[in-house]
Amino acid sequence: MLAAVTFPLIWVGGLVTTYDAGMAVPDWPGTYGYNLLLYPVETWIAGPWDLFIEHGHRLLGVVAGMLNIALVLAVFRWDRRVWMRYFSLGALAAVILQGCLGGFRVLLDDRQLAMLHGCAGPAFFAVCVALCVVTSRTWRESAAGGAASERNTGSEQTVVGVPLSKLPALTVATAAAAYVQLVVGALMRHVPVTATPNFFAWTVYGHLIVGGLVTALALAIVWLMFRGRNRLAGLRGLANTLVILIVCQLLLGCATWVVNYYWPGWVPDWSWTARYALIEAKGWLQTMVVTAHQAMGSLIIGVSVWLMLCVYRRAHVQPEFHPAGAALAGGVVA
């Protein structure tokens, strides 16, 4: 539930950035002097669009915080893993920090804090995805399955000279590269006032280079999984999903460039491109394309972290959970 709320929160936050609505509500933590939760609904719903999305973004942030508190209570009540308790508390601290970053961005009217707030959101979404993975039934069952596969294989497999033990490292590199690409994209959306004329060009090149790296890493993961017969074969669907999301992101990236900066110079003025030469600034088309591109980046990071955790679990974990052992240990949840 927490992850399901966090992704719309990121999407609405992208709308706030696209519409430059970050200062639509000039005070914090209240809204025009009201308690955040007591701000008149009719004023919010019928008010200006920038006020609607900014106040809505704050309300979604409150919901995410309350769900995180509920998660911490549930973990302390039913989950006996000590590290999991610390993890849930860390997630709560992260959502509080994210809320404070958004608040100080308003109080100080600072674009750099807005960029930092925008980069921390996808990182928190990745934490939410990780929480979903480590609290799932699949996470518990994969330990026993991985141990059984280890006994059956007995030795490390290779695919055309590449050891399958390299696959976990590839998933880590993919998640890290996806996040770096998002940070570079945030620099493109929040160009500092003091930046040199070449700053934007270099960020564009960096965004493209890291995007190519993410694509290559994801394709390498899929290739290894399909060429090797190993216990990680059950994750092929997740790896394929990651590649599909990356392809969609590449298409959205091209569309974002067109709606923001016109067609690339090597595209001639064909009749079917000329009709899209004029895009209304802050219009529906531009807003949806740009925000979708930003939100898709967060989704790619989340799926990358999901894949990374599952690969590590199946490849390296020592069995923490066995039905018989759990009964002897008093029902310890793995």
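Quick note: residue numbers are just sequence positions, from 1. Side-chain atoms are counted along with the backbone in the values below, which use heavy atoms only and exclude waters and symmetry mates.
- Tyr179 meets the side-chain contact (heavy atoms from CB on, under 4.5 Å) test with Cys119, Ala123, Val183, Ile301; sequence neighbours excluded.
- In this structure, Tyr312 is a member of the same hydrophobic cluster as Met84, with clusters built from ILVMFWY side-chain heavy atoms closer than 4.5 Å.
- No path of Ile, Leu, Val, Met, Phe, Trp and Tyr side chains, each step under 4.5 Å between heavy atoms, connects Val106 with Leu37, placing them in separate hydrophobic clusters.
- Asp27 meets the salt bridge (Lys or Arg N to Asp or Glu O under 4.0 Å) test with no other residue; sequence neighbours excluded.
- Here Tyr205 sits in one hydrophobic cluster together with Trp202; the rule is ILVMFWY side chains under 4.5 Å apart, joined directly or through other members.
- A search for ring pair (Phe, Tyr, Trp, His ring centres under 6.0 Å) contacts involving Phe200 returns Tyr261, not counting sequence neighbours.
- Contact between Val311 and Met225 at its shortest, heavy atoms only, is CG2-CE, 3.9 Å.
- The backbone N or O of Asp79 lies less than 3.5 Å from a partner atom in the side chain of Arg85, making a donor-acceptor pair.
- Summarising the geometry, atom CE belonging to Met296 is positioned 10.5 Å from atom OG1 belonging to Thr256; distances are rounded to the nearest 0.5 Å.
- Residues Leu131 and Thr135 share a closest heavy-atom pair of O-OG1, 2.6 Å.
- Between atom CD of residue Gln294 and atom CG of residue Leu299 there is a gap of 13.0 Å, rounded to the nearest 0.5 Å.
- In this structure, Leu242 and Ser304 have side chains that are in contact, with non-hydrogen atoms separated by less than 4.5 Å.
- The number of heavy-atom neighbours closer than 6.0 Å to CE of Met66, taken from other residues, nucleotides and ligands shown, is 12 or below.
- Criterion: ILVMFWY side-chain heavy atoms under 4.5 Å apart, direct or through other members. Under it, Trp11 and Phe124 are part of a common hydrophobic cluster.
- A search for side chain to side chain donor-acceptor pair (under 3.5 Å) contacts involving Gln181 returns nothing, not counting sequence neighbours.
- Partners of Arg105 according to the salt bridge (Lys or Arg N to Asp or Glu O under 4.0 Å) rule, which considers only residues two or more places apart in sequence or in another chain, are Asp109.
- Considering only heavy atoms from C-beta on, Leu187 stays 4.5 Å or farther from Val191 through its side chain.
- Note that SG of Cys254 is 11.0 Å distant from CH2 of Trp257, once rounded to the nearest 0.5 Å.
- Take Leu73 and apply the side-chain contact (heavy atoms from CB on, under 4.5 Å) test, not counting sequence neighbours, and it matches Ile69.
- Taking each heavy atom of Val16 and Ile53 in turn, the nearest pair found is CG2-O, 3.8 Å.
- Applying the 6.0 Å contact sphere to CE of Met23 captures more than 12 heavy atoms from other residues, nucleotides or ligands.
- In the hydrophobic clustering of this structure, Val25 does not group with Leu38; members are Ile, Leu, Val, Met, Phe, Trp, Tyr whose side-chain heavy atoms approach within less than 4.5 Å, directly or through other members.
- With hydrogens and angles ignored, the 3.5 Å screen pairs no side-chain donor or acceptor of Thr291 with any backbone N or O of Met288.
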Go through Val75 and Leu71 one step at a time and tell me if the side-chain contact (heavy atoms from CB on, under 4.5 Å) criterion holds.
-> CA-CA 6 Å; Val75 167; Leu71 174 68; 4.1 Å; yes
Can Thr43 and Tyr34 be said to form a side-chain contact (heavy atoms from CB on, under 4.5 Å), step by step?
-> CA-CA 12 Å; Thr43 304; Tyr34 288 89; over 6 Å; no
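- The heavy-atom pair separating Val127 from Ala91 by the smallest distance is CG1-CB, 3.8 Å.
- When the side-chain contact (heavy atoms from CB on, under 4.5 Å) test is applied to Ala255, the partners found at least two apart in sequence or on another chain are Val289.
- Hydrophobic side-chain contacts under 4.5 Å tie Tyr86 into a cluster, directly or through other members, with Val82.
- Judged purely by distance below 3.5 Å, without hydrogens or angles, the side chains of Thr18 and Thr287 never pair a donor atom with an acceptor atom.
- Here NE2 of His190 is found 10.5 Å from CG of Leu113. Values are rounded to the nearest 0.5 Å.
- With a 4.5 Å cut-off on side-chain heavy atoms, Cys310 and Leu235 count as touching.
- Classification of the His207-His293 ring pair by plane angle, with boundaries at 30° and 60°, yields perpendicular.
- Atom CG of Asp110 sits about 9.5 Å away from atom CE of Met115, to the nearest 0.5 Å.
- Closest approach of Ala130 and Phe87 over heavy atoms only: CB-CZ, 3.9 Å.
- Ser88 places none of its side-chain heavy atoms less than 4.5 Å from the side chain of Leu92.
- Cluster annotation: Leu97 is not connected to Val95 through the hydrophobic network of ILVMFWY side chains, with a link wherever side-chain heavy atoms come within less than 4.5 Å.
- Summarising the local packing, CZ of Phe7 is surrounded by more than 12 heavy atoms from other residues, nucleotides or ligands at distances under 6.0 Å.
- Partners of Thr203 by side chain to side chain donor-acceptor pair (under 3.5 Å), not counting sequence neighbours: none found.
- Heavy atoms only, all atoms of each residue included: Ala239 and Ile221 are closest at CB-CG2, 4.3 Å.
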Could you pull out all donor-acceptor pairs under 3.5 Å where a side-chain atom in residues 212-219 meets a protein atom, sequence neighbours excluded?
residue: Thr215; atom: OG1; partner: Gly211; partner atom: O; Å: 2.9

I would like to know whether Phe125 and Val305 meet side-chain contact (heavy atoms from CB on, under 4.5 Å); could you show each step before the answer?
-> CA-CA 10 Å; Phe125 178 64; Val305 170; over 6 Å; no
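- A distance of 10.5 Å separates CH2 of Trp28 from CG of Leu108, quoted to the nearest 0.5 Å.
- Identified under the side chain to side chain donor-acceptor pair (under 3.5 Å) test for residues 47-67, with sequence neighbours left out: Thr31-His55, Glu54-Arg58.
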